[in-house]
Asker: 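My structure is below; once you've seen it, I'll send some questions.
Keep in mind that this is a model prediction, so the values were computed, not measured.
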Amino acid sequence: MTSPQNWLNDLNPQQRQAVTAGTGQILVLAGPGSGKTRVLTQRIAYLVGGPGVRPYNILAVTFTNKAAREMETRLRHLLDEASADLWLGTFHAICARILRREADFLPFKSNFVIMDADDQQALVKRSLKELKLDEKLYRPPSIHAAISTAKNHLVDAPEMTVRSYRDEVVRRVYEQYQKLLRNNNAVDFDDLLMVAVRLFEENPAVREKYARRFEHVLVDEFQDTNLAQYKLLQQLSSYHNNIFVVGDEDQSIYRWRGADYMNVLRFEEEHREAQKILLEQNYRSTQTVLDAARAVIDRNPNRTHKRLFSDRGRGERIVLFEAADDHAESAYVVDTISKLINKGNAKGADFAVMYRTNAQSRLLEEAFLRAGLPYRLVGAQRFYGRREVKDLIAFLRLVQNPADEISLQRVINVPPRGIGDKTLVALQLKARQVGTSPGAIVLDLGLRADESSFWNTFTGRGAAVLADFGAMLNGWGKNLDETPLPALFDRILTELGYQAYIQDGTEEGEDRWGNVQELRRLAYEYKERGLVVFLENLALVSDQDTLPEKPDAPTLLTLHAAKGLEFGRVFIVGLDEGLLPHSRSFDDVEEMAEERRLFYVGVTRAKDHLYLVRAERRSTYGQFEVNEASRFLEDLPDELVQHEGAVRPWKAGKTSGESWYGQKQQPRLERWQSNLRQGAGAGKAESSANMVQPRYRPAMRVRHAKWGEGMVVGSKVVDGEEEVDVMFSGVGLKRLLASLAVLEILNG
DNA sequence: AAGGCCCTTCTTTTT
DNA sequence: GAAGGGCCTT
């Protein structure tokens with residue numbers, strides 16, 4: 001172990017103060033690049049090496065697997081094998097661990113599975129179906145979001161406040177959704193946190209067991225905690241009251257997931273005697289980058305002002321490039337990168353390209369491919385989202401937990417074995433009737449074939465095919481504890497004939513088989529730890545954690561994924577109103593403040609050189625739209641910015657309060673809307689005199705030959721064609737092309 | 001039962 | 001511009 005004294009000397013006074021702070025509550029507000037992770041890990045090393053705290057009595061919580069891994073690596077250097085006893089992990093992983101240990105107190109078994117985002121969606125759909133609610137009216141993503149929000153706020157279905165019929169629907173779906181989860185011996189992401197908090201609330205003895213153990217609790221990215229997480233930390237530190245939290249309000253970007261940076265203020269409020277330490281020295285960026293970042297973030301309220309400084313000097317000015325359209329935007333990025341690489345001024349790994357939405361990566365990828373330049377894409381390509389990967393995970397999940405209906409439904413007919421809708425419905429119905437899971441019926445059929453009491457439930461070949469499937473499943477589940485995971489994996493592949501099914505001679509088939517092998521490699525890494533741990537990690541590891549191994553290539557990633565990283569040269573693309581800030585944030589000041597923080601996070605990733613890029617026009621779903629420059633660009637001090645290839649002289653002749661086109665600025669929202677209006681008709685319609693005028697107006701009554709009478713609810717011209725939305729009584733909403741449909745206008 | 005075609009919808013961000 | 005769902009055909 002390195003002697004503490006040695007590395008303490010390498011810390012600045014504030015860092016040292018944080019690392020060596022005494023017991024009690026400590027709040028470290030750490031600006032970007034201020035050595036936050038270093039402080040956190042060295043604090044742990046200090047606690048062990050100085051006051052002699054046993055690693056066993058320390059809990060360190062992070063938000064992402066990436067952060068947990070990084071801390072783990074650093075700690076291994078500082079503490080060697082002593083670090084093994086330490087509890088270090090993401091909130092979700094730590095909760096899963098607690099719930100498995102304490103399953104006796106809980107309404108599910110310790111081999112529960114964790115439902116991922118897709119599963120959760122499927123469960124919501126199923127709940128809606130069982131309650132006979134219309135998916136069109138109650139969009140599953142939106143219902144799920146409401147349920148998730150409730151859980152993040154520790155609100156159960158019965159405790160929900162119901163102010164509208166919709167609230168009532170959400171409450172009922174929530175109830176059904178929970179029932180399904182429990183029937184499936186499953187939890188979702190949000191349950192992991194909420195159930196843990198409830199467990200501790202209802203069983204003080206259990207809480208105390210953990211609280212006594214954890215003499216010191218340390219938390220990373222504290223600004224991103226939601227209520228459940230805040231509460232959990234309170235509970236876990238309730239015995240020794242030593243809690244050390246590190247965070248930065250300015251980098252809180254997960255509001256939509258329930259995160260509340262006000263927890264930082266709340267922490268101060270609840271712990272008046274807490275020590276507060278500010279880390280303001282930045283070791284990452286040039287002063288130019290920091291000044292720009294500050295100009296952007298200082299416009300947000302409710303924050304501790306920090307004065308970030310760097311001794312790296314002013315550095316290069318920020319480049320602002322305005323492209324004519326989104327293709328030109330991507331081309332500019334790739335051209336600039338390849339020029340710098342070819343000149344020998346930089347290497348691929350120095351670069352990152354950041355964007356607001358995953359959809360923006362497509363054009364960039366195409367541009368990189370065209371230029372023959374390798375790149376690394378974080379997330380989005382979704383290894384774990386691939387069909388073959390999900391299939392095999394579903395089989396493994398079924399082996400662990402035959403009650404998992406979502407997985408059963410997914411693979412019961414994979415590869416096709418003649419089980420269709422009819423058989424499936426009969427199976428589910430029977431399961432409900434006898435109060436068991438469909439999986440249990442399949443297993444019973446597999447075990448006893450025509451001796452099974454379920455044999456006669458199914459017509460035709462149904463029972464036999466299900467029995468075959470059940471027999472396979474039985475075989476896989478036998479002697480599970482003695483079967484090494486890779487062996488189980490191979491057995492499943494063989495008995496399914498999965499390779500032949502996947503490798504169909506096409507290139508895509510090869511690709512898919514490659515993914516299967518990749519998953520097998522991963523399973524091999526878990527051969528010591530076993531199936532349960534493997535599946536848990538699959539559920540809790542995101543695509544964001546899978547960075548393709550392509551050394552020395554530029555990285556493409558969302559601004560969210562960029563948090564915690566740094567790059568020599570950073571491109572932020574899509575700096576347009578509507579994209580960054582995203583249009584969804586226009587009518588909510590808190591959302592808008594978060595967009596600003598997101599931009600701030602992006603800016604502060606840059607060590608040496610920042611490129612801000614936007615496009616006058618871009619195609620957001622198929623159609624071109626004209627966008628205005630992001631409002632955030634206007635906050636950048638002119639002297640920090642150098643314009644390149646502008647479409648028009650940006651901010652030219654700008655005097656205060658006026659924009660570059662020399663008019664008094666309209667309020668933002670109006671500008672956005674008028675943009676939309678102009679954008680929609682721009683191009684063919686605006687320039688030509690014979691612009692198509694809608695014939696139908698809302699509230700008109702019309703008659704259709706097939707659907708009878710209805711009322712026009714909307715009409716718009718798309719590509720010179722009028723599209724009319726008509727609500728027909730008894731039929732519902734229909735969209736018709738005015739030029740084709742025979743619509744009789746009954747009144748105008 | 002399965003596969004193909006057309007239509008719709010959508011996009012924020014993720015443990 | 002993609003992906004999923006519904007509806008059609010075989």
Asker: If I take atom CD in residue Gln121(A) and atom P in nucleotide dT14(B), what distance separates them, rounded to the nearest angstrom?
Answerer: 16 Å
Asker: When we call it a touch if two heavy atoms are under 4.0 Å apart, what does Thr62(A) touch: a base, just sugar-phosphate, or nothing?
Answerer: nothing
Asker: Would you call the rings of His92(A) and Phe189(A) parallel, tilted or perpendicular if under 30° counts as parallel and over 60° as perpendicular?
Answerer: perpendicular
Asker: By nearest atom, which of the nucleotides dC10(B), dA2(B), dT14(B) is closest to the Ala561(A) side chain?
Answerer: dT14(B)
Asker: Assign Asp116(A) to base, sugar-phosphate, or nothing according to its heavy-atom contacts below 4.0 angstrom with the strands shown.
Answerer: nothing
Asker: If you walk 5' to 3' along DNA chain C, what is the first nucleotide with an atom under 4.0 Å of a heavy atom in chain A, and what is the last?
Answerer: dG1(C) to dG5(C)
Asker: Which atom pairs, donor and acceptor, lie under 3.5 Å between side-chain atoms of residues 133-147 of chain A and protein residues at least two apart or in another chain?
Answerer:
residue   : atom : partner   : partner atom : Å
Asp134(A) : OD1  : Lys136(A) : N            : 2.9
Ser142(A) : OG   : Arg166(A) : NH2          : 2.5
His144(A) : NE2  : Gln120(A) : OE1          : 2.7

Asker: Of all residues at least two apart in sequence or in a different chain, which pass the ring pair (Phe, Tyr, Trp, His ring centres under 6.0 Å) check with Phe200(A)?
Answerer: Tyr210(A)
Asker: From C-beta outward on Thr90(A), which listed nucleotide comes closest to its side chain: dT15(B), dT11(B), dT13(B)?
Answerer: dT15(B)
Asker: Heavy-atom nearest nucleotide on DNA chain B for Arg417(A) versus Arg584(A): which residue maps closer to 5'?
Answerer: Arg417(A)
Asker: Are the ring of Trp256(A) and the six-membered base ring of dT13(B) within the stacking cut-offs of under 5.5 Å and under 30°?
Answerer: yes
Asker: Once you apply a heavy-atom cut-off of 4.0 Å, does Phe63(A) come out as touching a base, just sugar-phosphate, or nothing?
Answerer: sugar-phosphate
Asker: Would you mind telling me which residue lines up with the more 5' stretch of DNA chain B, Asp421(A) or Pro141(A), judged by nearest nucleotide?
Answerer: Asp421(A)
Asker: dA2(B), dT13(B), dT11(B): which one has an atom nearest the side-chain heavy atoms of Ala359(A)?
Answerer: dT11(B)
Asker: For Asn413(A), which contact category applies under a 4.0 Å heavy-atom criterion: base, sugar-phosphate, or nothing?
Answerer: sugar-phosphate
Asker: Whole angstroms only, please: what is the OH-P distance between Tyr254(A) and dT13(B)?
Answerer: 11 Å
Asker: With a 4.0 Å limit, can you tell me whether Asn358(A) has a side-chain N or O closer than that to the phosphate oxygens OP1/OP2 of dT13(B)?
Answerer: yes
Asker: Does a side-chain N or O from Arg461(A) land closer than 4.0 Å to OP1 or OP2 of dA1(B), or not?
Answerer: no
Asker: Within the structure shown, what part of the strands sits under 4.0 Å from Arg362(A) by heavy-atom distance: base, sugar-phosphate, or nothing?
Answerer: sugar-phosphate
Asker: For Arg410(A), give me all partners under salt bridge (Lys or Arg N to Asp or Glu O under 4.0 Å), at least two apart in sequence or on another chain.
Answerer: Asp391(A)
Asker: Select base, sugar-phosphate, or nothing to describe what Lys136(A) touches, counting heavy atoms under 4.0 Å on all strands.
Answerer: nothing
Asker: Take atom NZ of Lys563(A) and atom P of dT14(B), then tell me their distance rounded to the nearest Å.
Answerer: 12 Å
Asker: Kindly write out the residues that satisfy side chain to side chain contact (heavy atoms under 4.5 Å, CB included) with Gln503(A), not counting sequence neighbours, or none if the list is empty.
Answerer: Gln499(A), Glu510(A), Trp513(A)
Asker: For Arg417(A), give me all partners under side chain to side chain contact (heavy atoms under 4.5 Å, CB included), at least two apart in sequence or on another chain.
Answerer: Asn413(A), Pro415(A), Ile419(A), Val465(A), Phe469(A), Met472(A), Leu496(A)
Asker: So what does Glu591(A) touch, heavy atoms closer than 4.0 Å: a base, only the sugar-phosphate, or nothing?
Answerer: base
Asker: May I have the distance from Met354(A) (atom CE) to dT13(B) (atom C1'), rounded to whole angstrom?
Answerer: 15 Å
Asker: Among dT11(B), dA1(B), dC10(B), which nucleotide sits nearest the side chain of Arg139(A)?
Answerer: dC10(B)
Asker: Select base, sugar-phosphate, or nothing to describe what Arg387(A) touches, counting heavy atoms under 4.0 Å on all strands.
Answerer: nothing
